[in-house]
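Just so it is clear: chains get the letters A, B, ... in the order the sequence lines come, proteins before strands, and each one is counted from 1.
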2 protein chains.
Amino acid sequence: MADGASDHTQSRVTIRTVATDAGVSVAAVSKVMRNAYGVSDALRQKVEASIEKLGYRPSVAARGMRGRTFTLGVLLVGIDNPFLPGIYQGIESVTEAAGYKIMVCVGAARAQTEAQLIEQMIDNRMDGLILVASQIAGDTLEHYARQIPIVVVGHHETSAVGYDTINNDDQRGAARVVQAFVDQGYRDIAFLTQFEPDDHPADVSPQRELGYLDAMRAAGLADHIRILRLPQSNAPREQDFHQLLTSPDRPRAVFCWSDLDAIPLLGAAFRLGIRVPQDLAIVGYDNSPVAALPMVALSSVDQDGPHLGRLSAEALFSRMNGRKVAEHIQIEPRLIKRGSL
Amino acid sequence: MADGASDHTQSRVTIRTVATDAGVSVAAVSKVMRNAYGVSDALRQKVEASIEKLGYRPSVAARGMRGRTFTLGVLLVGIDNPFLPGIYQGIESVTEAAGYKIMVCVGAARAQTEAQLIEQMIDNRMDGLILVASQIAGDTLEHYARQIPIVVVGHHETSAVGYDTINNDDQRGAARVVQAFVDQGYRDIAFLTQFEPDDHPADVSPQRELGYLDAMRAAGLADHIRILRLPQSNAPREQDFHQLLTSPDRPRAVFCWSDLDAIPLLGAAFRLGIRVPQDLAIVGYDNSPVAALPMVALSSVDQDGPHLGRLSAEALFSRMNGRKVAEHIQIEPRLIKRGSL
DNA sequence: TGATTTACGTAGAACGGTGCACGAAACGGG
DNA sequence: CCCGTTTCGTGCACCGTTCTACGTAAATCA
């Protein structure tokens with residue numbers, strides 16, 4: 001445990017330093033910084049000159065104690081999820097234009113860790129929070145939402161009252177996949193997931209499962225419904241896939257809840273010499289960059305991450321500006337067809 | 001631009017609330033929190049009971065004004081670089097054990113943006129900084145290092161005095177690749193990069209270039225030295241690759257500065273029907289997860305990101321504990337051979 | 001037992017900002 | 001020319017912690 005402190009005593013330039021240098025009061029400098037009402041041009045220029053000269057930057061921490069930090073917190077599920085960069089980029093484009101900064105916390109897809117990270121961001125006095133694919137339960141979120149404006153992306157809490165949700169329509173996306181399979185003449189279509197729908201019904205995977213079930217029934221394929229539920233894990237699951245693919249009743253087509261599993265599955269098939277799509281058709285979800293590689297050529301549902309990101313940042317701003325009634329937006333997913341289907 | 005503030009006036013539980021509730025002074029509560037000297041068991045228990053009851057969490061921002069925040073800042077080049085998750089995980093493993101939190105800023109591989117982000121983290125009163133693959137010039141870093149303890153990963157500033165650097169030995173890694181090519185009988189070995197060595201000689205790519213040059217000369221292949229320098233860009237570069245691969249003097253073997261370019265190059269080759277490795281051998285750097293997919297099977301140099309991460313966090317802690325003399329650590333890279341070579 | 005430590009708890013001044021309340025000019029209308 | 005408005009700048013009380021300095025009571029020693 002680290003305990004001592006080094007002497008990085010570069011005696012920081014504070015608002016007082018600037019005030020002294022410019023020969024005005026501290027309050028005057030503060031006013032200039034916040035461009036508040038009641039500042040003459042002469043004053044403004046004096047102060048700005050001193051700020052420039054001294055290289056003054058206000059302390060976000062200190063500012064946060066009374067005012068706002070102009071910083072938004074973004075909680076990401078993990079750092080290696082291909083679905084995140086697009087969303088992040090969308091968020092950033094909006095926040096940057098608004099002059100807000102972003103601080104990121106990286107979760108571990110465990111609800112308790114994520115709650116800690118949310119608290120950390122609150123304790124760091126962020127002005128608002130965007131939670132991406134968080135697994136936290138709805139009532140916990142309502143609790144935090146009373147303390148800070150929150151927008152959730154990738155989590156379907158449509159009855160949430162204290163915060164907004166932004167999603168692609170996962171049920172519709174799943175339906176699109178089933179439809180595409182059916183159009184190609186497939187009937188034996190399985191759904192692969194690693195989540196129990198009862199645990200976190202608001203998560204994306206159960207939503208996709210629901211969409212799959214409905215679409216299969218609507219297509220008259222209720223008898224062919226088949227859910228392959230892997231044990232939940234972050235570890236590579238080559239064994240599971242190997243077993244699945246070599247089993248005598250291997251499905252003809254598999255819809256994977258995410259590219260995260262679809263791509264390794266494709267890899268396992270490749271290794272076993274199973275031809276895709278002749279012997280096995282696969283479709284994933286999230287349209288990660290890897291899916292687009294020609295040697296992968298995985299069909300996948302695109303969520304338009306940047307759009308989701310932009311919408312969530314905009315929703316957060318409007319909420320920070322006083323909107324009280326919750327918004328629940330869903331955008332249209334799009335199936336990108338490649339060689340695997 | 002957002003300007004109003006909502007009424008998230010959940011009147012936060014502060015140290016004063018706790019003090020009143022427990023019937024002690026504010027200072028006493030503070031002492032318990034920091035488990036400082038001079039607290040009786042009775043006092044501690046009273047206070048802890050109140051903390052528990054009220055769900056008190058200290059404000060990091062306020063704490064940062066006088067003491068330490070127990071939070072480290074991590075600056076990442078971008079969010080979609082496959083080389084980052086491993087490093088991040090390594091950092092996290094040691095910071096978590098030490099009871100420190102992490103806040104992340106995501107750069108854009110532009111020096112100016114990154115400088116702003118560093119300032120942002122300083123302004124947010126982080127206790128120390130880990131910069132991953134930052135492109136900031138050495139003297140700028142020295143400047144910031146006077147204000148806050150800094151460790152740099154993935155940037156070879158071996159003469160740095162005010163901060164530490166942790167790297168894999170990129171020159172050696174490159175040499176390993178050349179050696180492996182030579183061992184297989186290749187002579188026409190090109191190096192593919194998108195960076196000018198003069199711009200940022202401390203970056204990893206110029207280091208790998210240097211290692212390539214030395215190794216080629218050492219192997220008596222000075223005449224076969226060939227640097228393919230793409231225009232620097234984040235955009236997909238299918239055209240560049242297409243042109244390179246269809247050119248009459250296409251090299252027999254290509255060592256890519258990073259999997260970031262090696263994988264798309266492999267994709268372009270696949271699309272053109274160029275057999276790998278029969279017609280074209282490719283080796284990358286960073287050993288990203290995608291490289292391990294059987295249909296990709298890209299040979300690549302592994303840096304052991306988690307190890308780099310752990311070392312950097314440890315270096316940061318030791319620096320925060322008062323070490324003044326800079327440390328410059330290099331670990332051994334390892335070539336992972338797969339089908340592409 | 002009296003003198004000295006030692007242990008414990010508290011007051012209060014920082015830290016670096018914000019923003020309200022106030023006063024002093026400058027302005028303008030009758 | 002007087003008085004009510006604006007306009008501009010300042011003083012100061014916060015915000016939620018840390019931490020030094022200090023007072024008091026208990027424990028230790030001679």
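The shortest distance between the side-chain N/O atoms of A:Arg63 and the OP1/OP2 oxygens of C:dT18 is below 4.0 Å.
Put simply, CE on B:Met65 is 11 Å from P on C:dT18, counting in whole angstrom units. A:Ile15 has its CD1 atom 13 Å from the C1' atom of C:dC15, to the nearest Å. Distance A:Arg16 CZ to C:dG17 C1': 7 Å, rounded to the nearest Å.
The side-chain contact (heavy atoms from CB on, under 4.5 Å) with A:His155 is formed by just one residue from the set A:Ile136, A:Val132, A:Asp203, A:Val204; it is A:Asp203. For the side-chain contact (heavy atoms from CB on, under 4.5 Å) with B:Ile130, the lone residue among B:Ile87, B:Ile166, B:Leu316 that qualifies is B:Leu316.
The two residues B:Met121 and B:Met103 have their closest heavy-atom pair at CE-O, 3.3 Å. Minimum interatomic distance between A:Glu327 and A:Asp164 (heavy atoms only, all atoms of both residues): N-OD1, 2.8 Å.
A:Val32 is not listed as a side-chain neighbour of A:Val29, based on a closest heavy-atom distance of 4.5 Å or more. Within the 4.5 Å cutoff, the side chain of A:Leu131 has heavy atoms near those of the A:Leu141 side chain.
The side chain of B:Lys31 has C:dG9 as its nearest neighbour among C:dG9, C:dG19, C:dC15. For B:Arg125, whose side chain is taken as the heavy atoms from C-beta onward, the closest listed nucleotide among C:dG16, C:dA13, C:dA11 is C:dG16.
When the nearest nucleotides of DNA chain D are assigned to A:Ala27 and A:Tyr37 by heavy-atom distance, the more 5′-ward of the two goes with A:Tyr37. Comparing A:Thr14 and B:Ala28 by the nucleotide of DNA chain C that holds the closest heavy atom to each, the one mapping nearer the 5' end is B:Ala28.
Remark: B:Gly38, B:Val39, B:Ser40, B:Leu43 in residues 38-62 of chain B come within less than 4.0 Å of DNA chain C through at least one heavy atom.
Here the range on DNA chain D touched by chain A, meaning any atom under 4.0 Å from one of its heavy atoms, is D:dT7 to D:dG16.
Checked against a 6.0 Å centroid threshold, the rings of A:Phe317 and A:Tyr100 count as neighbours.
A salt bridge between B:Asp41 and B:Lys46 is absent, with no side-chain N of the basic residue lying under 4.0 Å from a carboxylate O of the acidic one.
Without hydrogens or angle criteria, B:Asp127 side chain to B:Phe70 main chain gives a donor-acceptor distance under 3.5 Å.
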